[in-house]
Amino acid sequence: ETPDQRRPATATLAQALGPEAKRRAALFLYDFLRITETVEHDLREVAPADRPRVLFIGTDPLKVASGDMYQTWLIETAGGVSVSADLRGGYMAVNLEQVLLWNPDVIVIPPYGPVTPADLAASPEWQTVRAVRENRIYRMPRVFGPMDTPVPESLLGVLWLANALHPGEVLLDIAREMNAFYATYYDYSLTESELASLVHP
């Protein structure tokens, strides 16, 4: 559930798979540091009080990511503050009253499960939540792996979420980074619609 755990796991897997895998793993670990450090650098002057307060929900709107989960690291690296960071465990059940007390600025939905932004926007019970009122509900895109989990594409999850939370503040060419990632690590060319979903939250 942390990048510190993923780095040795990546290296170990590459060692087992041979020289070409070792080369690609080394390049991936370089890209991982380059992109995450660039995002953090570009957002370094955003004051804590100006960082959006984010609620990351699961396959049910009232199951939320705890502070022990990879999703919290994504939020913090992308320049946000997880409202549920004090919870411990996995996805934790909460009630709507707790969500109203948190009153997040942004709600993020993973790319798996049935929940959509339209579901929350249409729910009278959620209308008093700031993120819903201000239409800042985002569902993460997906090409292969879910980028909110500890898979290689989580590197893109950082970039995508930073762009959603702080539009225009990250100086990386997002379209170029997305295209390069899939070409390099998946030997795959993104379609126009896939690229659009990755660039425009």
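Throughout, numbering of the chain's residues begins at 1 and tracks the sequence. Just so it is clear, the structure is predicted and the values come from calculations on it, not from any experiment.
Within 6.0 Å of CD in Glu134 there are more than 12 heavy atoms belonging to other residues, nucleotides or ligands. For Arg176, the CZ atom counts as loosely surrounded, since its 6.0 Å shell holds 12 or fewer non-hydrogen atoms of other residues, nucleotides or ligands. Heavy-atom contacts from other residues, nucleotides or ligands closer than 6.0 Å to CG of Asn95 number more than 12. The local environment of CD in Glu45 is sparse, with at most 12 non-hydrogen atoms from other residues, nucleotides or ligands closer than 6.0 Å.
Residues Met147 and Leu198 form a side-chain contact, since some pair of their non-hydrogen atoms from C-beta on lies under 4.5 Å apart. Two residues are said to be in side-chain contact when any heavy atoms from C-beta on lie closer than 4.5 Å; Leu195 and Val199 meet this criterion. Between Val81 and Glu76 there is no side-chain heavy-atom pair separated by less than 4.5 Å. Under the 4.5 Å side-chain criterion, counting only non-hydrogen atoms from C-beta, Val151 is not in contact with Phe144. Counting heavy atoms from C-beta on, the side chains of Leu190 and Val143 come closer than 4.5 Å.
Rounding to the nearest 0.5 Å places CZ of Arg136 at 6.5 Å from CG of Leu165. Residue Arg88 holds its CZ atom at 4.5 Å from CG of Asp68, rounded to the nearest 0.5 Å. Between atom CG of residue Leu100 and atom OG1 of residue Thr128 there is a gap of 4.5 Å, rounded to the nearest 0.5 Å. Separation of atoms OG (Ser84) and CD (Gln71) is listed at 9.5 Å; rounding is to 0.5 Å. To the nearest 0.5 Å, atoms CD (Gln98) and CG (Leu101) are separated by 5.5 Å. For the atom pair Ile75 CD1 and Leu161 CG, the distance stands at 6.5 Å (nearest 0.5 Å).
Between Glu194 and Tyr182, the side chains place no donor N or O within less than 3.5 Å of an acceptor N or O (distance only, hydrogens not considered).
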### Message
What verdict does the side-chain contact (heavy atoms from CB on, under 4.5 Å) test give for Thr38 and Leu171, after you've listed the backbone C-alpha separation in whole Å, the side-chain angles of each residue and the deciding distance to 0.1 Å?
### Response
CA-CA 8 Å; Thr38 299; Leu171 301 182; 5.9 Å; no
### Task
Could you go through the side-chain contact (heavy atoms from CB on, under 4.5 Å) check for Leu27 and Tyr185 one step at a time?
CA-CA 9 Å; Leu27 181 59; Tyr185 301 112; 3.3 Å; yes
### Query
Step by step, would you call Ser66 with Met92 a side-chain contact (heavy atoms from CB on, under 4.5 Å)?
CA-CA 6 Å; Ser66 77; Met92 303 299 293; 4.0 Å; yes
### From CA spacing to verdict: side-chain contact (heavy atoms from CB on, under 4.5 Å), Thr77, Glu40
CA-CA 6 Å; Thr77 305; Glu40 290 178 321; 3.9 Å; yes
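Checked against side chain to side chain contact (heavy atoms under 4.5 Å, CB included), Ala93 has the following partners two or more places apart in sequence or in another chain: Lys63.
Side chain of Arg133 to backbone of Trp126: no donor-acceptor contact under 3.5 angstrom is found. Using modelled atom types, no side-chain atom of Arg34 and backbone atom of Asp31 make a donor-acceptor pair closer than 3.5 Å. Side chain of Asp105 to backbone of Ala131: no donor-acceptor contact under 3.5 angstrom is found. Under the 3.5 Å distance criterion, the side-chain polar atoms of Arg130 are left unmatched by any main-chain donor or acceptor of Pro104. One N or O on the side chain of Thr149 and one on the backbone of Pro146 form a donor-acceptor pair closer than 3.5 Å. For Ser154 (side chain) and Pro150 (main-chain N/O), no donor-acceptor pair under 3.5 Å exists by modelled atom type.
Hydrophobic cluster membership is shared by Leu96 and Val64, with clusters built from Ile, Leu, Val, Met, Phe, Trp and Tyr side chains linked at under 4.5 angstrom. A continuous path of hydrophobic side-chain contacts links Val106 to Met140 [ILVMFWY only; heavy atoms under 4.5 Å]. Criterion: ILVMFWY side-chain heavy atoms under 4.5 Å apart, direct or through other members. Under it, Val132 and Val94 are part of a common hydrophobic cluster. When the side chains of ILVMFWY residues are joined at heavy-atom separations under 4.5 Å, either directly or via intervening members, Tyr186 and Leu17 end up in two distinct hydrophobic clusters. Criterion: ILVMFWY side-chain heavy atoms under 4.5 Å apart, direct or through other members. Under it, Leu120 and Val99 are part of a common hydrophobic cluster.
Here the closest non-hydrogen pair linking Thr72 and Gly67 is OG1-CA, 3.6 Å. Of all heavy-atom pairs spanning Thr184 and Asp187, the tightest one is O-OD1, 4.2 Å.
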Side-chain donor-acceptor pairs under 3.5 Å in residues 47-59, sequence neighbours left out?
residue : atom : partner : partner atom : Å
Arg51   : NE   : Val46   : O            : 3.0
Arg51   : NH2  : Leu43   : O            : 2.8
Arg51   : NH2  : Val46   : O            : 3.3
Arg53   : NH1  : Trp102  : O            : 2.5
Arg53   : NH1  : Asn103  : O            : 3.3
Arg53   : NH2  : Trp102  : O            : 3.0

Can you give me every donor-acceptor pair (side chain of residues 107-118, partner residue at least two apart or in another chain, under 3.5 Å) with its distance?
residue : atom : partner : partner atom : Å
Tyr112  : OH   : Tyr91   : OH           : 3.2
Tyr112  : OH   : Asp148  : OD2          : 2.7
Thr116  : OG1  : Ala118  : N            : 3.4
Thr116  : OG1  : Asp119  : N            : 3.2
Thr116  : OG1  : Asp119  : OD1          : 3.4
Thr116  : OG1  : Asp119  : OD2          : 3.1

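Checked options Val39, Asn163, Val158; the residue passing with Val170 is Val39 (criterion: side chain to side chain contact (heavy atoms under 4.5 Å, CB included)).
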